[in-house]
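Some notes on the structure that comes next.
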Amino acid sequence: MLFSRSTPEQKLQSLVSHKLAALFELTEKQVHPWITIANNNVLISLPFAVASLHEELISAIKLAADEQKLPVEHVLIETNIPASPTKVAKVSKIKNIIAIASGKGGVGKSTSSVNLAYALMAQGAKVGLLDADIYGPSIPIMLGNTDSTPASRDDKTIIPFSAHGLVASSIGYFVPAENATVWRGPMASKALEQLLRETDWPELDYLIVDMPPGTGDIQLTLAQQMPVSAAVIVTTPQDLAVADASKGIAMFNKVEVPVLGLIENMSLYICPKCGHEEHIFAQNGGVELAKRNKVPLLGQLPLNVKIRQYTDQGMPLLVAEPSDALSQTYMQCASSISKQLYMNGLLDLRIQNI
Ligand SMILES: Nc1ncnc2c1ncn2[C@@H]1O[C@H](COP(=O)(O)OP(=O)(O)OP(=O)(O)O)[C@@H](O)[C@H]1O
């Protein structure tokens with residue numbers, strides 16, 4: 001009865017809340033603040049980057065409103081990502097820093113960092129990339145910027161380089177590769193701190209940080225001293241990699257940085273000629289690790305020549321072939337990361353309110 005007395009605007013609000021809550025598995029109360037309705041127009045301000053879902057959502061809202069004979073002119077969706085709290089002071093203009101880490105080297109951490117950065121951009125977020133891998137800063141190569149050197153307008157801040165619309169900077173500017181092996185945590189973190197805080201970043205929703213592989217003194221110091229909002233762990237399914245990834249999760253737990261989930265890279269190889277599937281690095285190692293640690297499995301990427309070729313050419317897959325099925329997998333991982341970070345924030349609020 002109460003519903004029948006609602007104004008068309010209230011009915012529309014309730015319809016949109018219902019759709020959003022169902023799509024994102026939240027309560028209507030939680031999604032209510034995202035919605036503004038005025039003059040038969042609906043504006044939705046989403047706190048995570050899911051641009052690939054916008055069109056579907058707009059159509060579903062228009063269709064449902066039509067069915068209920070509720071007038072709707074336009075449905076607009078914008079992405080408005082909040083900053084999540086960190087223990088360490090935030091870097092100006094950067095809302096969230098997400099560390100991409102792996103225990104073992106060579107599992108595809110940098111490749112994942114690069115493709116996820118572009119995928120988050122494609123999902124509607126403002127993104128930067130910081131190469132913190134002192135042992136092998138490979139981001140400039142993967143972005144086709146091998147000749148870039150740090151430049152400054154004012155001798156105080158470094159101008160990040162831009163590659164296919166993404167802003168990036170690399171620790172490789174400060175750490176000659178031949179010296180990296182003797183660097184200790186405090187030295188690495190000092191250089192990174194300088195690079196992080198003295199780069200002239202534009203306004204960013206996410207700064208993706210490609211961490212050095214391993215779980216030792218350097219990685220621990222970096223995780224503690226950077227204002228990291230959350231971490232994502234990359235592993236192959238192989239036992240050796242999984243054991244090290246597990247140490248990575250433990251390390252982030254120790255410094256109370258939430259782990260948003262796992263990416264299982266090189267999950268399997270599918271022969272392009274006959275379609276035969278080969279589990280070169282064993283099967284489901286990442287899936288099992290995610291279950292054991294109760295963290296989401298954000299996605300599984302196969303061992304695929306395109307992923308390697310494009311990064312070698314300095315033209316990541318997401319840029320070269322955005323509609324490719326592999327790009328779509330990265331897009332799904334990216335939206336899960338963005339959504340998961342927001343959900344973590346809700347959980348924190350709930351804990352604070354207990
Ligand atoms: N899914 C994939 N399919 C095919 N090749 C891949 C895939 N992921 C990564 N590679 C390739 O594997 C190699 C190692 O990847 P990458 O440099 O990203 O690993 P890493 O974990 O960052 O290594 P490091 O320990 O040096 O930091 C690269 O040659 C990369 O192109």
Side-chain angles (χ1 to χ4, degrees), residues 98-119 129-146 163 168 170-172 175 177-178 180-181 183 188 192 208-216 218-219 222-223 231-238 240-245 247-248 251 262-272 277-283 285-287 297-321 324-334:
I98 300 179
I100 311 288
S102 69
K104 192 177 175 307
V107 296
K109 175 182 46 60
S110 302
T111 308
S112 303
S113 302
V114 165
N115 282 303
L116 286 173
Y118 284 102
L129 180 61
L130 179 61
D131 184 2
D133 188 347
I134 56 166
Y135 302 120
S138 49
I139 297 294
I141 299 171
M142 293 185 173
L143 298 183
N145 268 69
T146 41
S170 174
I171 192 82
V175 189
E178 60 276 16
T181 42
W183 275 47
L192 190 72
I208 298 295
V209 178
D210 180 19
M211 295 279 285
T215 49
I218 287 184
Q219 293 76 8
L222 293 187
V232 169
I233 310 283
V234 181
T235 184
T236 65
Q238 192 184 3
L240 273 174
V242 169
D244 286 355
K247 287 186 203 156
M251 180 188 84
L262 274 177
I263 292 184
E264 193 187 74
N265 193 35
M266 309 186 191
S267 285
L268 83 167
Y269 174 75
I270 305 170
C271 173
E277 294 185 359
E278 192 78 63
H279 292 274
I280 294 176
F281 294 109
Q283 194 172 0
V287 180
L297 181 74
L298 299 164
Q300 291 174 287
L301 273 304
L303 186 67
N304 186 286
V305 70
K306 272 190 191 179
I307 296 179
R308 201 265 309 147
Q309 270 172 349
Y310 280 126
T311 38
D312 279 0
Q313 290 165 17
M315 165 73 71
L317 177 77
L318 260 286
V319 177
E321 291 192 43
D324 188 274
L326 293 166
S327 295
Q328 295 307 308
T329 306
Y330 280 120
M331 292 277 283
Q332 275 161 21
C333 290

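Ligands are counted one by one from 1 in listed order, and the atoms in each one are counted from 1 as well.
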For [X], the ligand 1 atoms whose distance to one of its heavy atoms is below 4.0 Å:
X      : answer
Met142 : 17 (O), 18 (O)
Gly106 : 14 (C), 19 (O), 20 (P), 21 (O), 23 (O), 24 (P), 25 (O)
Gly105 : 25 (O)
Asp133 : 24 (P), 27 (O)
Leu303 : 3 (N), 4 (C)
Thr311 : 31 (O)

Notebook entry, point to check: Can you find a pair of side-chain heavy atoms, one from Glu278 and one from Cys271, that are under 4.5 Å apart?
Noted result: no
Next item on the list: Evaluate the side-chain proximity of Ile263 to Leu116: yes if any heavy-atom separation is below 4.5 Å, no if none is.
Entry: yes
Item checked: Ser327 (side chain) donor-acceptor with Glu321 (main chain) under 3.5 angstrom -> yes
Next item on the list: Mark yes or no for whether Asn115, through its side chain, and Tyr330, through its backbone, hold a donor-acceptor pair below 3.5 Å.
Entry: no
Note to self: Once you restrict to heavy atoms under 4.0 Å, what part of Pro212 touches ligand 1? Side chain, backbone, both or neither.
What the structure shows: neither
Checklist line | ligand 1 versus Ser110: contacting region, heavy-atom distance under 4.0 Å | finding: both
Notebook entry, point to check: About how many Å separate OG1 of Thr236 and CG of Asp244, when rounded to the nearest 0.5 Å?
Noted result: 9.5 Å
Check: Out of curiosity, Leu262 CG to Leu298 CG, how far, rounded to the nearest 0.5 Å?
Finding: 7.0 Å
For [X] and [Y], work out which heavy atoms get closest and say how close.
X      : Y      : value
Glu264 : Gly285 : OE2-N, 3.5 Å
Pro137 : Ser170 : CB-OG, 3.6 Å
Pro316 : Leu143 : CG-CD2, 4.2 Å

Checklist line | Stepwise side chain to side chain contact (heavy atoms under 4.5 Å, CB included) test for Asp133 and Lys109 | finding: CA-CA 10 Å; Asp133 188 347; Lys109 175 182 46 60; 3.4 Å; yes
Margin query: Quick check on atom 28 (C) of ligand 1 - does any protein heavy atom sit closer than 4.0 Å to it?
Written below: no
Note to self: Quick check on atom 13 (C) of ligand 1 - does any protein heavy atom sit closer than 4.0 Å to it?
What the structure shows: no
So is there a nitrogen or oxygen of [X] less than 3.5 Å from a nitrogen or oxygen in ligand 1?
X      : value
Thr111 : yes
Asn304 : yes
Ser112 : no
Pro302 : yes

Counting non-hydrogen protein atoms only, what is the nearest one to [atom]? Give residue, atom name and distance.
atom                    : value
atom 8 (N) of ligand 1  : Asn265 ND2, 2.9 Å
atom 19 (O) of ligand 1 : Gly108 N, 3.0 Å
atom 5 (N) of ligand 1  : Arg308 CB, 3.5 Å
atom 20 (P) of ligand 1 : Lys109 N, 3.4 Å
atom 10 (N) of ligand 1 : Met266 CE, 3.7 Å

Check: Given the rule in the side chain to side chain contact (heavy atoms under 4.5 Å, CB included) test, do Arg308 and Val305 qualify, once you have shown the distances and angles that lead to the verdict?
Finding: CA-CA 5 Å; Arg308 201 265 309 147; Val305 70; 4.0 Å; yes
Notebook entry, point to check: Would you say the side-chain atoms of Thr311 and Thr111 include a donor-acceptor pair closer than 3.5 Å?
Noted result: no
